[in-house]
Amino acid sequence: MTTLTAPPKTASPPVRPRTSPRAGAWKRRIPLLPALIFTIIVTQLPFVATLVISTLQWNILKPGERHFVGLSNFKFVFTDERLRTAVLNTVVLTASVVLISVVLGLGLAMLLDRRFLGRGLARTMLIAPFLVMPVAAALLWKHAIYNPDYGLLNGTLNAVWRLFGAANGPTVDWVSSYPMPAVVISLVWQWTPFMMLILLAGLQAQPGDVLEAARMDGASALQTFRHITLPHLRQYIELGVLLGTIYVVQTFDAVYTITQGGPGSQTTNLPYEIYLTMFRKYEYGQAAAAGVVVVLGSIVIATFALRTIASLFREEVSR
Amino acid sequence: MPSTRYALIAGAAATALLATACSGAGAGGSSGGGGKRINVLMVGNPQMEDIAKLTKSTFTKDTGIKVNFTVLPENELRDKVTQDIATQAGQYDVATIGAYEVPIWTKNGWLHELGSYADKDTAFDKADLLKPMVQSLSGADGKLYALPFYGESSMLMYNKDVMKAKGVTVPEHPTWQQIADIAAKVDGAEPGMRGICLRGLAGWGELGAPLTSVVNTFGGTWFTKDWKAQVDSPAFRKATNFYVDLVKKHGEAGAAQSGFTECLNAMSQKKVAMWYDATSAAGSLEDPASSKIAGHVGYAYAPTVQTKSSGWLWAWAWAMPKTTKNADAAAKFMLWASSKKYESLVGDKLGWARVPSGKRASTYAIPQYQKAAGSFGDITLKSIEGADPANPGTQPRPTVGVQYVAIPEFQDLGTKVTQEISAAIAGKTSVDKALNDGQKLAADVAKNYQK
């Protein structure tokens, strides 16, 4: 395309700014101000209120006993054994879901990166789990798959056993016997498509000439993958891991629906524990304090995520 | 992902609360003026859906009072109604609450006294209400604070065909030992069939309800009269061990995840031979549309050990928050909804099996109802009458209530302790450890009440 703007032949008289640049900038911002104020109100005020509430002893069922207790709710959050377990469960749950789904997503993305008949259809179907509502997905796993009576897993076991002449297969109570894997697997099913999408984008952004050069130099497929594809994908993987982490940390639906945090508190993660504090214990102060701690943790992770995105953009620009 | 930021729920909800709290008493959501429109919040049970259908053509037509219904599932209802009433938001003129909430909310001064309205309405016939119902819906001052809509106790339900095939007779008043023996005998009577269904799903209103009724009859209690925690006492231990052993050995598949709904399913699909649960389950078991054993169910009283009866007691009842500005119209609605007239209206229009029963002695004398509820009506009535909410075990209690402790902390305490016991059922921990941990939690709660 050619540029149409030709340089002016005669020097036009310099336009004198009528107002200072600062004021001009503000003038341009004025129409945006209502939106800005609205955003501040809806995003920041609740947080400020949460901060205030986190310093109160406030049980909604005991009116008249609400009073200021300083930081003792935070002390409770950091010393309570159940909350410590919840933190640990949250870490285990998040780390395993994100890592497994990145690995599976990478594998699927590599497959989808090749040309084959029906690729579009395969891609659409692979993305589908990510589009299912979390609650619906959790219900599906709980009832259609894990249920010991009529679930798919035990049904398959029974069918295999019957092939060999036995009357009934073993009745495995999946959710009670393997609570954490049960939750993790259902979430991996949901999150693998997300990772796959990001990594597929990365793979398709791979410069073809470099790959061709590698092939000409006699590099094996494995070598090409290790030394060219993987380094190229690094930032996409980082992005997937960080975005995935931010969302999976907040997992509620799967825990609530599949295990109710149990057995015991083996799958109780932070969001579910906060829910219990809020709606079973009605201790608003404690719930708010725990919420503040989670938000601070999420901000730390989010900062890393934003940095990764920024570095991705830098790479694009420098190319 | 559309999952909500639960971290911020606390903030958002609390801000809403603050806002309503600040605006104070002026925040009445219901329309002022003539008071010819009331807002009703109800739990989404079939009986409530029926009344939502019938109100316009009868109650509104007769009185001119329009009724707006909000229907929510039980857990959401509790959250919403608690917050609405606790913050004095005053959005609702009538709300359905359970027997657990009445004493707690009454103590907080959140509810309107209703006994005087009931006394004034002669057609209502307050004396006809079952005594345990009145008792569990009254405050410490002895006044009635909620009008029962329907009530339930608990009983043992069994598959008559299986018992016959195995040559077992279930006594009308069984002991828990007899039930354990029968469960062992009928376990595996049909391929994949287990002996008994007992709730194993964590939750004060799930596993907590049947387990507490078993603890009561084994001579245990959550707290003594002077607020000493008893969760690790020998009787509580014995009862819990018995319950957990029975479920582990002969209970339903997936016991640790089975609540009322799962057991109803297992029983009606012939996956278990017996089921100990709410009397209100009978209506569903006898419905041929959803149940494979309709017409083949036998009923027995809740099994006992040391007490004469051990059925629990629950009621869904109408209550009026003090914040209402339409007290008279609201009272009219509540009295109508709990009346004999409404029961026969349901019987005529929707069928007698759907009558909201379990609250009035006269219901069980109606010939059409007797016919519809033939096999279980009598046991239901006698179980409710036999329940003693003030004294359900072998020792005096600090609060009124059979399968729960009527203190605000119990929702949390019961949920956490049953989580551990549910883990014991799943084989992830021992009953001893569960109860030792539970004792610590209970002792913490007890401190709030000891003098």
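Chain A is the first sequence line, chain B the second, and so forth, proteins listed ahead of strands; every chain is numbered from 1. Please read these numbers as outputs of a predicted model, since none were measured by experiment.
Of the atoms belonging to E81(A), not a single heavy atom falls under 4.5 Å from chain B. For F194(A), no part lies under 4.5 angstrom from a heavy atom of chain B. Contact annotation for E252(B): neither backbone nor side-chain heavy atoms come within less than 4.5 Å of a heavy atom of chain A. Within the 4.5 angstrom heavy-atom criterion, only backbone atoms of A255(B) (N, CA, C, O) approach chain A. Only the backbone of I258(A) comes within contact range of chain B, judged by heavy atoms closer than 4.5 Å. Using a 4.5 Å cut-off between heavy atoms, Q286(A) makes no contact with chain B at all. Only the side chain of T268(A) comes within contact range of chain B, with heavy atoms under 4.5 Å apart. Looking at K428(B), the atoms closer than 4.5 Å to chain A (heavy atoms on both sides) sit in the backbone and in the side chain alike.
Of all residues spanning residues 192-207 of chain B, those with a heavy atom less than 4.5 Å away from chain A's heavy atoms are G192(B), L201(B), A202(B), arranged by number.
Side-chain contact between Y150(A) and N265(B) is present, with heavy atoms from C-beta onward closer than 4.5 Å. Residues R82(A) and Q419(B) are in side-chain contact: their nearest non-hydrogen atoms beyond the backbone lie under 4.5 Å apart. The side-chain heavy atoms of Y282(A) and Q411(B), taken from C-beta on, include a pair separated by under 4.5 Å.
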side-chain contact (heavy atoms from CB on, under 4.5 Å) assessment of Q260(A) paired with S422(B): CA-CA 11 Å; Q260(A) 296 256 313; S422(B) 175; over 6 Å; no
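For the options W105(B), F410(B), W110(B), heavy-atom pairs under 4.5 Å to chain A are most numerous at W110(B). Heavy-atom pairs under 4.5 Å with chain B peak, among G264(A), P148(A), A290(A), at G264(A). Of the listed residues (V135(A), T259(A), V48(A), N158(A)), the one with the most heavy-atom contacts under 4.5 Å to chain B is T259(A). For the set I421(B), N108(B), D412(B), the count of heavy-atom pairs under 4.5 angstrom toward chain A peaks at D412(B).
For K80(B), the NZ atom is loosely surrounded, since the number of other residues' heavy atoms within 6.0 Å does not exceed 12.
Looking at K281(A), its side chain never comes within 3.5 Å of a backbone N or O of E409(B) through a donor-acceptor pair.
Partners of Y256(A) by ring pair (Phe, Tyr, Trp, His ring centres under 6.0 Å), not counting sequence neighbours, listed by chain and number: F252(A), Y275(A).
The two residues T415(B) and R280(A) come nearest to each other via the heavy atoms OG1-CD, 3.9 Å. Here the closest heavy-atom approach between residue A423(B) and residue P263(A) is recorded as CA-CB, 3.4 Å.
K416(B) NZ to L276(A) CG: the interatomic distance, rounded to the nearest 0.5 Å, is 6.5 Å.
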